[in-house]
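Notes to accompany the following structure.
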Amino acid sequence: MATTESAAPPLNDVDIVHLAQRKQPSNSHQQSNVSLPPFLLSPHCHKDLLSYLHSRAASPSPSSVVCEYVISLLSLISLSPGTPTVCSLLSSLLSSYTQLFPSLPHDSNSLRTIKNFNTLLIHVPLEDLKLVIDLVASDLSGVVSVDDAQLFDLLPQCFELFRNAEEKGGDYVNSVVDKILDSKWSKGFLLKMVSIAKEFSFLDKTRGNEFLEKVFVGIKTVDLMDLPSLVYQLLVLASKGFNKREIIEGIVYFFGSELGSKMASTVRQVEGTVLLHVNFAVKQDPSLGKEVMGLVKSDLRAFNHFTVAVLLSVSRVRRFSESSMAILKTALLTAYRDYKFTKECKWIPDDIKGEYLKSVKVVEKSVLRAVNESNYGREHMVPGILQFGFILLESVGEVNCKELGNSNGLLGIEELGIQMLKTLFEVHDMARNEIMEQVKFRILSLKPELSRPILRLLCYLIQCYPYPMMEHIPRLKELLDYFTFMDGKIASYLVSALLPLIRFSRDLRDYAILVVRKAVFRREEAVRVAATNSIIELILAEKQPKGDGLFFLQDSSSQASCSQQADIPCSMGGDLFQELSALLQRCLYQQAKVKQVVYQGLVKLVLADPAIGGLVFDFLLPHFLQFFKEGPDVQLGVSSCIKSENGKVLIQEPLDCLLSCISWILLLQTHGKTDKLLDSIGACFGFSLSQENEDGRNMSTEVFSGAFLKIRKFLRNANLEDILGQTHDASSAAVHEEKWKCSALILSGVIEVVLNTVAMDLEKAADQKVELEKEIMQFVDRHDSLAKEASTSRQSNAGKRPNLRATAKDATDDIDSGNPKLIQEHTFFLATSSIHQLLLMALKLYSSESSDIKATSQNHSQSSSSKTSKSCFKIISFALNASLHHVKSSAAVGNEGPMKKLIYGEINMLGPPLLRLTLLLKPGSNVATSQRKKESKAKKDAEERKEHLLLALFCLKEMITVSLCGSCLTHLLENLLSVPELENADLHDECDQASEIDDQDIKNKELFIQKYLKPLLTDLMKLSAFRTVEILCDILLMIGHKLPCKWRNSHGAWAIRMCKTNNTTNSSIAKSMVRLATSLSSPPTDLLVAQEMLKELLKFIGPNNSDLSQVSEYLVVNQSTTIAIASCLLQITDNVIIDVDWSTKKLKAASQVAQKTIHHDQNGEHNLGFTFEEIVYSRIKAVVEVLSSFVLMSLKDNQAEHFLRLTARFYKNLALISKLKIAPKGQKQLLPSLQFQKLVELTCKELTVPLYNFVAEMQQAQQENANSKGMINKIKRENKCIPELIFQIEDYEKHLIRLSKATKMNLLKHAKRSTCRDFKILDPTTAVVGQAVPNNVGNDNDNENENENENGRCSDSEDGNNDGNGSDKELSHEVESESDAVEDDRASVPTVKGVKRSRIVHDSDDDS
């Protein structure tokens, strides 16, 4: 029967298809009953079966017919695939189909066919399977689309079969993979390889990296629509443990840099889909989230807009919420800190500074772009953006970026956070409620200094998006409910922020009025002050034109509905000042600070609306008449302004502030206030002003004008003791004394108010100037008398209140220490123009006095000049004190406004008269020398002149400081350069060179330094005027730091010459000049100068300082100035080590990045990093040379302790740098650079070895003076820093040992062990024994065992991955695991060694 069937002719292809359909089992139970067709068992029929395949492939539509036939044949083969003849047929069929595949259509039918082949590959012989693999992988040029690569779906199982069947199957598979990796990939093949790569679990790290390199090179050619699926496959691949970090890096870099440059809407949509895939992948595999975090954390260069978007997306995963926000915040703060550091650092090259500026700009733009694109399928990121925006606003205080925000186009942290939340508010309606809720919550919960940025955000939102903000008025009302519980300033800022909405919402306005009305009745002074400020702001808001604001609202947003527009009234009607006048009247019966706010606010109201001046006078008149009584004799009720409660004296009424308010309003009303303005206010109220109204208003104005003139006359003629003497009562002497001082304080303020008016009259007067000048001198004299009485005649309680007459030293000390009481407790009521007139008058008097004194001296008459000299000094003192307070307070006022313009105006106009006065007051000037007579008061006059000179210089310094902060130094210097300069022949050439500079800003700075600062400094140094020299040096430093390197170096060279040629014994002058010479010298000159000065110091405090007649090359260095100069140079070295700390951290970060595969374009970055490393080594080498000079000195007390601490920090940096030179496991060890080798050699020879002797001498000195007073505490302090120093040295040398072992170089050939490592607190009873050991060890073993010790130390077995900043146990274990040779070298004190080692680690942690 079998013979008959085999002899029968074979079936055709159609019959085979029908047969396969009939023999297809319906269930698994029938599988065993289905027999194999006989023709499949006959090898003779196989040729015909394959011919049917070829014939079908040649048909016009081969796709379906080939698929039908092959699948039918495979289904018949699957009935008995293990039969040898069937296996042969299967192999032939697979080979034939593989050969025909390029000519067949590549569609779903071909894919079904390949999947069916895949199920039977296990039955194909390996030899045949190898031929198929070679055939598939032989030619990839025909693979264009992903369908062309369908045959590659066979490879994963083929590879697995080979690896499992043969011992060397893995080698064959690897060769095929290498062949594929070496070929050129099309975008279709790339997609296919990524989809099947998850099955290649056998790939090693190297081939995995090559595979990813091919992928991320070819991904640029992939169609946009294929990118999401490609990324998804890569994330699946990463989740299986396949090179996670490299995959994440490649994705982030491609979308952040390559694709990120395209701004098309489609690109943004694709990125949004990819972000969703990343978010989902992180949820499924948290390890991917850790890789994302580590990527940004390890390398800031990976920071781009897509990185920000990824972190914001991942932040929605609960376990990564805090860490992603922390990494984003850290990256931002690090970028700002690095840029700020490099901008101020002198030794970092400009190209590296440019890189850090570029970096911080990239960070800002990346964050803003990620936020701006958040509406392209990225709504899941909105909560993360909102959270991060508020985190930035809360981080404003962590980095002072105010000066950075206005330079080089940077925003700063605060502005960046506000921009993020503003964009979110504009784009996403769903985020608005949450933003407002967070604003309310944070304003109420944060500290006042942290809530101010949140208030600025609220202000921006109200100004930019008023219509949407109208929907949140209920929430703003809730915020106002907490008005009385907020900080006073925050409460005032809140109402100010709401003003744009209050102006156009009657409901919100009425609610705000209700809130502040309640606050006025609270007991707390701060709440009352805030409420009063808010009342003034509400009234001022009403005075602003409503038309402009309404127009702004109508144009600001197109989102407002008709209902929203209906809620905004066109006009509020009425006059808020009249409505709230009763509430303001109540404020006049509260504390003095509340009244001051009212008085200042009334001036602001009149300034905003001059027509309201009459109403304000009507309001003030009843209150004013309580303190001003008109009759035969004018009575100024100063005594009624003071009250005492429970033995405490308080100022109840700031009468000086009241009179200042009145004087300013009178001044504003007399300057061009026309009847048209008076008529306009009546029209605004809805009625016209009648004659009675005008008469009443004019009457109140005349009352105040007449009263002010009478007060002015009264103060000129009245006896001050009579006014102040009215405070007598039955109280104790102390209370009476305090009342008298408070009265004097008020009266001095009243005199200043009158002086301000008289000075303004003098400015405008065409004639009668002499009378006005006499009047000013009278008032200045009275002011001076009050100050003298308060400071001299009543000394018993002088410490309770500040003196009215502060000396120059007191004033400058208060300002240097940041003491605000000088401004707060006694405010000068003088405007800039008035002070300018006073300075001009002082100059005039001083010049005329010079001529008078010269004339009288020729006639041998001295009596006529005494009175004039006193008056001149008084007005100079008054004008300078007023100028100093005025300049200082101008910086505290803040933003520009009408009130600031009124009082401060053009404050730079004070500069020229101040400079002229300084030049006149300088000892040795023509005016000063003409007064050098043999008078009894000559010495006193000279002292006063020095005080005035000091005060004038302080005024100039403060003006320059304020101008630098406000970026208006150029304008100030232009004014100062108009003053005739000092004649100095030595600086004539330098002035000519400065005049040729093209840049006006640099030119002004150079001319000011050359014409004024250097001549003044030269002359005052000769006179040993140390405080004035200090101020001049500070000014020169402030301006010099703003100059380019070329000009700054020239001033540094001048300062160096001054240090060499000027012999001064004053420590302050010497210290200032040394600081000037080093600070104005660019690296490396600064430390070279420091080294030269230290060498000169060694002549006086070195080991060979017995010859006291030695002369230094730098004359400023002498026996009297050694301590001050040593302290100054120590501080300079400390600052340089701080720079080294930062540089070491950057080197560590760069080293970590270099050890990883980063998909960045690193062209030029390696060279830049190498250059930076060499610069750091050069700087460290200079520090070593400086420290090597200190170590030879006999430093005392605090200087020695300071030196030990900074040296310990320096060795800590050296240890870290040495550790970075050691290659991690698995990487090639590079030889250290020649610069590094020289640094190690220099450190060992010049610093480490002498440092041991320095410590030994210190301990010996302690032992000799152990019983002296204060020595015990000193020993305790030094016993903390000495172990820390020794530990850091050993840690440094430990890493050098490891590096020597890895590189086969003996880096410690110049190092010597010292018994100072075996430190201990010596007991007096065993001092001799303790001294014998080091001598013995040092003499016998140092030379003999040096090489042996080095070899032993290099053979230490230590873990290469331990961090130098690890735990105490690890550090202690590492230090104690020394070689036997070293242990033998120290065997004399093993017990002390072990004890002290543990104490070293413990103490170093405490100190750090």
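All residue numbers refer to positions in the sequence shown, counting from 1.
- Inter-residue side-chain proximity for Arg586 and Phe521 is flagged as met; some heavy-atom pair is nearer than 4.5 Å.
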- Item | Test log, rule side chain to side chain contact (heavy atoms under 4.5 Å, CB included), inputs Gln438 and Ile454 | CA-CA 9 Å; Gln438 288 295 324; Ile454 312 297; over 6 Å; no

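- Atoms CG and CG, on Leu605 and Leu540 in that order, are 4.5 Å from each other to the nearest 0.5 Å.
- Residues Val598 and Leu588 form a side-chain contact, since some pair of their non-hydrogen atoms from C-beta on lies under 4.5 Å apart.
- Annotation: cation-pi pair Arg522/Phe485 present, NZ/CZ under 6.0 Å from the ring centroid and within 45° of its normal.
- Contact annotation: the side chain of Glu364 never approaches that of Lys361 to less than 4.5 Å [non-hydrogen atoms, C-beta and beyond].
- Looking at Lys595, its side chain does come within 3.5 Å of a backbone N or O of Gln652 through a donor-acceptor pair.
- In this structure the side chain of Ile462 reaches within 4.5 angstrom of the side chain of Pro500, judged on heavy atoms.
- When the shell of 6.0 Å around OH of Tyr482 is examined, it contains 12 or fewer heavy atoms from other residues, nucleotides or ligands.
- Residues Leu602 and Phe619 have side chains in contact (heavy-atom distance under 4.5 Å, counting atoms from C-beta outward).
- For the atom pair NZ of Lys593 and CD of Glu525, the computed distance is 5.0 Å after rounding to the nearest 0.5 Å.
- Between the side chain of Thr961 and the main chain of Lys957, a donor-acceptor pair closer than 3.5 Å is present.
- Rounding to the nearest 0.5 Å places CG of Leu457 at 9.5 Å from CD of Glu414.
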- Please walk me through it: do Met420 and Ile385 pass side chain to side chain contact (heavy atoms under 4.5 Å, CB included)? CA-CA 7 Å; Met420 289 177 61; Ile385 296 173; 4.0 Å; yes

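- When the shell of 6.0 Å around OH of Tyr511 is examined, it contains more than 12 heavy atoms from other residues, nucleotides or ligands.
- By the 4.5 Å heavy-atom criterion applied to side chains, Phe577 and Glu542 are not counted as neighbours.
- Note that the CG atom of Leu499 and the CG atom of Leu538 stand 6.0 Å from one another [nearest 0.5 Å].
- The number of heavy atoms from other shown groups lying within 6.0 Å of CD (Glu322) does not exceed 12.
- In this structure a side-chain-to-backbone donor-acceptor pair under 3.5 Å is present from Ser748 to Leu745.
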- Task: List the steps and the verdict of side chain to side chain contact (heavy atoms under 4.5 Å, CB included) for Ser889 and Tyr904.
- Result: CA-CA 9 Å; Ser889 61; Tyr904 294 98; 2.9 Å; yes

- Message: Set out, in order, the CA-CA distance, both residues' side-chain angles and the distance that settles side chain to side chain contact (heavy atoms under 4.5 Å, CB included) for Leu659 and Phe624, then state yes or no.
- Response: CA-CA 9 Å; Leu659 288 176; Phe624 173 72; 3.8 Å; yes

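- Atom-to-atom distance recorded for Arg475:CZ and Lys440:NZ is 6.5 Å, nearest 0.5 angstrom.
- Counting heavy atoms from C-beta on, the side chains of Ile536 and Leu584 come closer than 4.5 Å.
- With Ser492 contributing its side chain and Gly488 its backbone, the two residues share a donor-acceptor pair below 3.5 Å.
- The closest donor-acceptor contact from the side chain of Ser660 to the backbone of Cys657 lies at 3.5 Å or more, if one exists at all.
- Counting only heavy atoms from C-beta outward, the side chains of Asn433 and Glu471 never approach each other to under 4.5 Å.
- In this structure, the side chain of Ser505 does not engage the main chain of Ile502 through any donor-acceptor pair within 3.5 Å.
- With values rounded to the nearest 0.5 angstrom, Ser315 atom OG is found 4.0 Å from Met325 atom CE.
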